[in-house]
Amino acid sequence: MKKIKFQTPTGMHDVLPADQRYFKKIYDTAESIANFYGFEKIDTPIVEMAELFSRGIGLTTDIVEKEMYVLKTKGGDILALRPEGTAPVVRAFIEHGMHSLPQPVKLWYFGPYFRHEKPQADRYRQFWQFGFEIFGEKSPAVEAQIIQVFYDILTELKFKDLVIEVNSIGDNQCRPYYKKLLVNYLRSRESSLCTDCRRRIKMNPLRILDCKEEKCQRIKAQAPQIIDHLCEECHNHFKEVLEFLDEMGLPYRLNPYLVRGLDYYTRTVFEIFSSEEIEVSKDDSVKNEETNEEEKITRNALVGGGRYDVLVKLLGGKDIPGCGGGAGIERIVKMMKAKDIRLPQPSKPVIFLAQIGASAKRKSLKFFEEFRKAKIGTAESFSKDSLKTQLRIADKIGVQYTLIIGQKETLEGTVIIRDMKIGKQETVKAEKMIEEVKKRLKND
Ligand code: HAM
């Protein structure tokens, strides 16, 4: 048989023990802030009907066009590995009749997502996200709360230089007119656009504003801006969002070209970056039109989101507005490491159980369980027989006391407590062992 070297599929990765601590810290922080703001946790399946996404995210988006993992089941269903979390949560909201609950309904989630993207820095084919969604609230205060929730989580995680970019992409009233203006402008410059964008003029012109190609960026810089063409309702709504952000002291800047890669958004869209990321990542550079200088900017946001007032209806539910956002966990972990954000060390064991001989080994297994019940951090090395080796291990771990059980102690029902600092040993009754250890630890 041919020898195969198995490895993770391209663009996917293991979350190794060292990273689990970061994941847990992020989970715990998100959970505690979710609880404070009244969000309830929801889990949806990893796969959904593929049409949920093509309808919800939009047929002409990169995610649906190029990046979905689609599979056909034996029963003939066409399913997709979920590329994002909003459409599944909306599906669950509709399916479980959550419109009849007191509104707003606030949900949050944490899990793996899948996009068959071109492998590159910070873009994985399986990545982890946590997200927050609020249903049933039209007020611009909701956008501010969603942004605040992500800002709070990242601040709790010790991110200091966060930048929030915001824009409004209007609604079904004003966006079609703006699209026409934009298409007219782009048509006159079509030959200078990249191949993808030439195709986008017809299919999804707004996405051109988000193109990373330098030649498209130059054209984009002169393009009409949607913010100047919002209808009165969208204009007032956006003004109020900004007033809320001002009031809350959140550091935002307007980005008239922020359009996001999913079609379900209406009005407000936002992304959150760490400004330090600019120094950390060197894989993207953009020419500043004013200074004509190359600026190292990475567009890899930590968080992205916005309002989606038509999505619930589009997916078969009632006319209920929604707003939310999602954060990329790998990107947050990478930044935490780059910033040298320290995590509290897991508590170290204070006791080591050393045993010599078969009967002592059996006893120490039982003792180990007693220490667990007494909540005293204990280490062991049941596979080692030599006392010298075991004491060396105990020393390396840095425990305060080692309990030694040999044949004699097993017969007499005693244990030896060795103070690792001074090397002093005392024999105590086995049934008093926990009490004696506690007494010593207290006196230390
Ligand atoms: P998104 O901008 O596509 O939005 O993803 C949100 C975040 O997930 C990004 O800012 C990024 O940190 C992370 N992310 C996305 N793709 C990848 C990837 N390939 N590898 C690593 N990280 C990635 C959404 O998914 C929307 N569902 C957010 C939302 C919720 N809007 C409203 N509610």
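Not measured: the values here are computed from a predicted model. For reference, positions follow the sequence shown, starting with 1. Numbering of ligands and ligand atoms starts at 1, following listing order.
- For atom 23 (C) of ligand 1, the closest heavy atom belonging to the protein is F127 CD1, 3.5 Å.
- Set against the non-hydrogen atoms of E117, the atoms of ligand 1 under 4.0 Å away are 16 (N), 18 (C), 19 (N).
- Every atom of ligand 1 is numbered from 1 in the order shown, and the set under 4.0 Å from a heavy atom of G305 is 31 (N).
- Considering R115, E84, R125, K118 only, the shortest heavy-atom separation from atom 15 (C) of ligand 1 involves R115.
- Counting heavy atoms under 4.0 Å from ligand 1, residue L302 touches it through the backbone alone.
- Counting only heavy atoms of the protein, atom 13 (C) of ligand 1 lies nearest to G328 CA, 3.5 Å.
- When only non-hydrogen protein atoms are considered, atom 21 (C) of ligand 1 lies nearest to D122 O, 3.3 Å.
- The environment of CD in E232 is sparse: at most 12 heavy-atom neighbours from other residues, nucleotides or ligands sit within 6.0 Å.
- If you look at V303 next to ligand 1, the close heavy atoms, those under 4.0 Å, all belong to the backbone.
- Backbone and side-chain nitrogen or oxygen atoms of Y109 are examined, and none is located within less than 3.5 angstrom of a nitrogen or oxygen of ligand 1.
- On a distance-only criterion, L262 and ligand 1 share no N/O pair closer than 3.5 Å.
- For atom 10 (O) of ligand 1, the nearest non-hydrogen atom of the protein is A301 O, 3.2 Å.
- Here the rule is ring pair (Phe, Tyr, Trp, His ring centres under 6.0 Å) with W108, and of Y27, Y37, F130 only Y27 fits it.
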| Do F23 and W128 pass the ring-ring contact (aromatic ring centres under 6.0 Å, His included) test, and can you show the C-alpha distance, the side-chain angles, and the key distance before you say yes or no? | CA-CA 9 Å; F23 271 59; W128 289 70; 5.7 Å; yes
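- The number of heavy atoms from other shown groups lying within 6.0 Å of NZ (K361) is above 12.
- Counting only distance, with no hydrogens or angles, the side chain of D77 and the backbone of L79 share no donor-acceptor pair below 3.5 Å.
- Between D62 and R200 a salt bridge is recorded (basic side-chain N to carboxylate O distance below 4.0 Å).
- Scanning all protein heavy atoms for the shortest distance to atom 20 (N) of ligand 1 gives Y124 N, 2.9 Å.
- Ring pair H13/Y124 is tilted by interplanar angle, where 30° to 60° counts as tilted.
- Contact annotation: G325 has at least one heavy atom less than 4.0 Å from an atom of ligand 1.
- Of all the heavy atoms of Y265, the ones lying under 4.0 Å from any atom of ligand 1 belong exclusively to the side chain.
- Although no hydrogens or angles enter the test, the distance criterion places no donor-acceptor pair under 3.5 Å between the side chain of E137 and the main chain of Q103.
- In terms of modelled atom types and a separation under 3.5 Å, the side chain of R115 and the main chain of Q126 share no donor-acceptor contact.
- In this structure, the protein non-hydrogen atom closest to atom 30 (C) of ligand 1 is T86 OG1, 2.9 Å.
- Remark: ligand 1 and Q129 share an N or O pair separated by less than 3.5 Å (distance only, no angle test).
- The protein non-hydrogen atom at the shortest distance from atom 1 (P) of ligand 1 is R260 NH2, 3.5 Å.
- The atoms of ligand 1 that sit less than 4.0 Å from any heavy atom of R123 are 18 (C), 19 (N), 20 (N).
- Taking the six-membered ring for Trp and thresholds of 30 and 60 degrees, F270 and F150 have ring planes inclined between 30 and 60 degrees apart.
- Geometrically, K41 does not engage Y109 in a cation-pi contact, judged by NZ or CZ lying under 6.0 Å from the ring centre and within 45° of the ring axis.
- Contacts between E133 and ligand 1 below 4.0 angstrom, taking non-hydrogen atoms only, involve the side chain exclusively.
- Between D340 and R342 there is a salt bridge, since a side-chain N of the basic residue sits under 4.0 Å from a carboxylate O of the acidic one.
- Under the 30°/60° scheme for interplanar angles, the aromatic rings of Y113 and F127 are found to be tilted.
- Scanning all protein heavy atoms for the shortest distance to atom 26 (C) of ligand 1 gives Y264 OH, 3.4 Å.
- In summary, the atoms of ligand 1 found under 4.0 Å from a heavy atom of G304, numbered by their order in the structure, are 10 (O), 28 (C), 29 (C).
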